[in-house]
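To start, the structure itself, in structure tokens.
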Amino acid sequence: MAAKTDESSPAVAPSQSNSPAPSSGRHQLRPVKFDYADSFACTYIVSVVAASIAELATYPLDLTKTRLQIQGEGTAHSAGKSNMQYRGMVATAFGIAREEGALKLWQGVTPALYRHVVYSGVRICSYDLMRKEFTQNGTQSLPVWKSALCGVTAGAVAQWLASPADLVKVQIQMEGRRRLMGEPPRVHSAGHAFRQIVQRGGVKGLWKGSIPNVQRAALVNLGDLTTYDTIKHLIMDRLHMPDCHTVHVLASVCAGFVAAIMGTPADVVKTRIMNQPTDENGRGLLYRGSVDCLRQTVSKEGFVALYKGFLPCWIRMAPWSLTFWLSFEQIRKMIGASGY
């Protein structure tokens with residue numbers, strides 16, 4: 001009997017050792033879903049969707065910021081006639097709604113959304129890929145200097161690729177102001193603006209202002225991506241908080257503030273170069289380049305002019321970052337991806 005008992009024990013052992021196999025097989029399905037949710041394509045799509053939500057919610061502030069940044073640039077070129085039509089953010093926003101119509105606060109939103117199809121997808125995925133290279137698996141927090149390098153590179157590459165859509169957006173944003181000043185319209189739609197730019201300056205004309213544009217994007221993403229990534233992991237590590245909405249809100253608000261400080265001067269230069277009139281060869285009539293625009297702006301209007309539109313820029317970046325990062329993290333959580 002003892003022998004039978006001994007023989008039966010091994011018989012049970014293999015059965016017990018094999019019994020977890022189906023469970024193990026079921027668990028093996030999870031990494032497949034996890035890998036898909038964290039894949040490049042999925043991350044790209046989620047970032048574009050989240051950016052589109054944030055852009056639609058905060059676009060009127062972007063239009064207001066652009067109008068404020070253009071104020072005063074024509075003073076030196078119009079024999080004493082000033083283009084200072086509005087004085088502040090609230091007056092500018094209400095003036096646009098009153099004189100042009102409330103829907104004009106979203107004028108140019110279509111190319112802005114086109115821009116994010118390229119810009120947001122590339123910057124988020126590029127940063128994620130570089131971060132994973134620096135940390136082997138992307139689960140560890142980056143040192144600040146490495147995070148800054150990733151942010152600057154991702155922002156510069158993404159903005160260079162998306163610069164044509166940004167150029168079209170800026171020109172459409174300024175059409176309402178031109179018409180109110182009695183000037184003839186330059187463009188009538190995003191497609192018309194695109195064709196006009198190509199006719200005047202060729203394909204390379206689509207990248208007019210791309211240098212200050214790339215410089216701005218590099219600085220903005222140095223503030224946005226680097227700050228969000230650093231602050232988020234700092235809060236989680238130091239305060240022992242989980243990856244939750246509270247952490248996302250705190251990190252995104254800090255990211256928006258730092259991004260506004262870093263990017264506003266380059267944003268002013270970028271906007272003025274992209275909005276300036278051009279000759280038949282596509283060359284700018286007011287500025288020879290970003291350095292010349294920076295020099296003229298400071299010499300004629302003072303250093304403070306570089307922060308024209310800072311308040312709406314910051315007020316926009318804060319809710320934009322908040323909306324983007326909350327949407328981005330929530331969508332990733334819903335599809336089973338890890339925290340960014």
Side-chain angles (χ1 to χ4, degrees), residues 51 54-55 57-73 88-90 92-93 112 119-120 123-124 127 142-159 162 166 170 209 211-235 247-274 290-291 293-295 297-298 301-326 328:
E55 191 70 22
T58 62
Y59 187 81
L61 291 172
D62 182 56
L63 179 64
T64 303
K65 174 207 69 175
T66 302
R67 295 285 184 93
L68 285 172
Q69 289 173 340
I70 297 300
Q71 288 183 159
E73 72 166 349
M89 183 189 73
V90 177
T92 301
Y119 175 72
S120 289
R123 80 176 185 116
I124 294 296
Y127 184 84
L142 279 176
V144 175
W145 73 270
K146 289 185 178 181
S147 182
L149 179 61
C150 293
V152 168
T153 304
V157 172
Q159 186 54 62
D166 209 24
V170 169
I211 294 178
N213 218 0
V214 168
Q215 292 169 346
R216 170 194 173 272
L219 293 171
V220 167
N221 282 278
L222 172 62
D224 185 36
L225 287 173
T226 301
T227 302
Y228 182 83
D229 193 20
T230 303
I231 295 296
K232 176 183 175 180
H233 287 92
L234 186 65
I235 293 173
V247 175
H248 302 160
V249 169
L250 294 174
S252 61
V253 169
C254 292
F257 181 70
V258 176
I261 292 177
M262 299 291 293
T264 299
D267 193 45
V268 170
V269 173
K270 180 265 301 186
T271 301
R272 292 190 170 196
I273 287 180
M274 296 178 81
S290 58
V291 175
C293 180
L294 178 67
R295 181 186 59 79
T297 301
V298 174
E301 303 173 51
F303 180 80
V304 179
L306 293 176
Y307 278 89
K308 278 188 174 183
F310 171 78
L311 183 59
C313 187
W314 175 50
I315 291 177
R316 177 181 184 263
M317 280 189 175
W320 196 97
S321 293
L322 178 63
T323 306
F324 172 79
W325 288 114
L326 285 178
F328 183 72

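Judged by distance alone, the side chain of D229 and the main-chain N or O of L225 form no donor-acceptor pair under 3.5 Å. Between the side chain of Y307 and the backbone N or O of I261 there is at least one donor-acceptor pair closer than 3.5 Å. For T226 (side chain) and G223 (main-chain N/O), no donor-acceptor pair under 3.5 Å exists by modelled atom type.
Atoms OG1 and CE, on T58 and M317 in that order, are 10.0 Å from each other to the nearest 0.5 Å. In this structure, CG on L250 lies 11.0 Å from CG on L234, to the nearest 0.5 angstrom. Atom CZ of R272 is separated from atom CG of L294 by 10.5 Å, given to the nearest 0.5 angstrom.
Between Y228 and H248, the ring-plane angle classifies as tilted under the 30° and 60° cut-offs. Under the 30°/60° scheme for interplanar angles, the aromatic rings of F324 and W320 are found to lie parallel.
Using a 4.5 Å cut-off on side-chain heavy atoms (C-beta onward), L306 and T264 make no contact. Within the 4.5 Å cutoff, the side chain of D224 has heavy atoms near those of the R123 side chain. Side-chain contact between V269 and Q215 is absent, with no heavy atoms from C-beta onward closer than 4.5 Å. Residues S252 and L326 fail the side-chain proximity criterion, which asks for heavy atoms closer than 4.5 Å.
Scanning both residues, T323 and A54, for their nearest heavy atoms gives CG2-CA, 3.7 Å. When all heavy atoms of N221 and G151 are compared, the pair lying nearest together is CB-O, 3.3 Å. Closest approach of A251 to I231, counting heavy atoms only: CA-CG2, 3.8 Å. The heavy-atom pair separating L222 from M262 by the smallest distance is CD2-CE, 3.4 Å. When all heavy atoms of E55 and A112 are compared, the closest pair comes out as OE2-CB, 3.7 Å.
There is no side-chain donor-acceptor pair under 3.5 Å between D166 and Y119. The closest side-chain donor-acceptor pair between S147 and Y127 falls under 3.5 angstrom.
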